[in-house]
Number of protein chains: 2
Amino acid sequence: MAGQDIETLIKQIAKLPSLGSRSARRIVLHLLGKRDAVFLPLIEGLTRVADNIKTCEICGNFDTASPCSICSSASRDDSIICVVRDVADLWAMERVALFKGKYHVLGGVLSALEGIVPEDLNIDSLAARLASGKIRELILALPATIDGQITSHYLSSRFKNSGVAITTLAQGIPMGAELDYMDEGTLQLALNSRKTL
Amino acid sequence: MAGQDIETLIKQIAKLPSLGSRSARRIVLHLLGKRDAVFLPLIEGLTRVADNIKTCEICGNFDTASPCSICSSASRDDSIICVVRDVADLWAMERVALFKGKYHVLGGVLSALEGIVPEDLNIDSLAARLASGKIRELILALPATIDGQITSHYLSSRFKNSGVAITTLAQGIPMGAELDYMDEGTLQLALNSRKTL
C-alpha cells in the first residue's frame, strides 16, 4: 500500500507498549503530514536521548548523567534509600514529589515462575551501599504482588543485621475507592491492619 | 525526575495521536530499556522514512517514490480513479485489497465551518487527470458526513459534463450491525435505498 519503509516503520511503532497497528498507522500519518513541525523534532528528541542516556551507576535510574540527578542532588537525604522494582516505579514515586531520599532500582523482583534469583537483581550493589554505614533507613517500595512481597521478605531478612531500619509501604484501601469494588484480599488486609483514630 | 531531554521527549510523544503522558512515559521507558533491540532501530526507521518520504505528484499518496507505487503500477486500472479525503482513507481502501484502480487524495473536504473552499483542495489536479480523456469512472469515496456529502455533490456537478461515470460508495447498515444500535439517519437511508432480493 505505502512504501516498504513506511510499512516497516508502522510495524516497529505497533510493537511499542500501549500501541497497536491501527494507532501506529495513525501516528505515522500524523508524522508524515507534519514533517517539519512534529516528525523531524521527534527524531531529534529521540536521537538526543538515545545518544546521551546513561544508567546511573549508583541507583540504576535512567538519566543523561551518571550519577543521576537524584543521586548527585545535595538537597536530598543520603541516609534513606527507597528500593523500587524498576525505573517506571521510581518515576511514579517521584511524581508524588514527597520522598526526598535516594533510590535503588532492583531491576525486577524474585520470581520462581520466571526463574529470577537474587543474583539476577541489583542486590549486591544495594548491600554495598548499606555497608557504607551512612544509611539509616531502607524503604521497600516493591509491588504488592506475591513476587514483590517475597522479594521484600528476602531483602528484609538479608539486611536485618545491617543496623538499618527496614520499612515498607503501607497497604490497605486506596484513596477514593468504594469498598464494594475492592477485592477480598485488600479488605482482609485493611481490616487486619486497622488503625486507632 | 529524569533528565530534561527525557522529559522533553515524553512531552513530544504524548502529543502524538492516541497517546497521552502516561503511555508516552511507558514507551520511553520501554525504549530506554531496550536500546539496541528497539530504540536505535526505531530511530533508524523514522529517519529513513523522514528522509525518503514524498507526496505523490499524481495522486497525493505518501510514498518513498513519486509517482507512488500505486500510480506507477502497470497492473492497476488507469481508467478508474477513487477520490478519497486523505491518505488515511486511501490506506483504509487499500487494506480491503479489492479496488484495483488509481486514487486521488483531495486533502480534505469542503467545510463552511472551517472555511475550506474548492481552491483549498486538490480539485484542479483531479480536473487535469479527467481532461486526459483516459478516465472512465470516478468513484467518490468521501466520508458519509455532511461535509463529505457536500463535497461529493460539488464534485459530481463540476464533472458531470466530463463524459466520466461518477459513482459513490453505497450507504446503509454496516456489516455485522444490530439494527437496535443504528442511528435513525442510517436506518432511514437504508430503508429508502432498499434493494430487491
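Throughout, a chain's letter reflects where its sequence line sits, starting with A, and its residues are numbered from 1.
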Can you tell if the side chain of [X] reaches within under 4.5 Å of the side chain of [Y], non-hydrogen atoms only?
X	Y	result
A:Glu94	A:Ile70	yes
B:Trp91	A:Leu29	yes
A:Glu57	A:Cys71	no

query = So does A:Glu44 pair up with A:Arg48, basic N to acidic O under 4.0 Å?
reply = yes
Quick test of your reading of the model: are A:Asp63 and A:Lys54 salt-bridged, counting only N-O distances below 4.0 Å? no
With respect to chain B, which residue among [options] yields the maximal number of heavy-atom pairs within a distance under 4.5 Å?
options	value
A:Ile53, A:Ile43, A:Leu32	A:Leu32
A:Leu31, A:Leu40, A:Leu19	A:Leu19
A:Thr64, A:Val49, A:Asp86	A:Val49

Less than 4.5 Å to any heavy atom of chain B: does that hold for the side chain of [X], its backbone, both, or neither?
X	result
A:Leu46	both
A:Leu9	side chain
A:Arg26	both

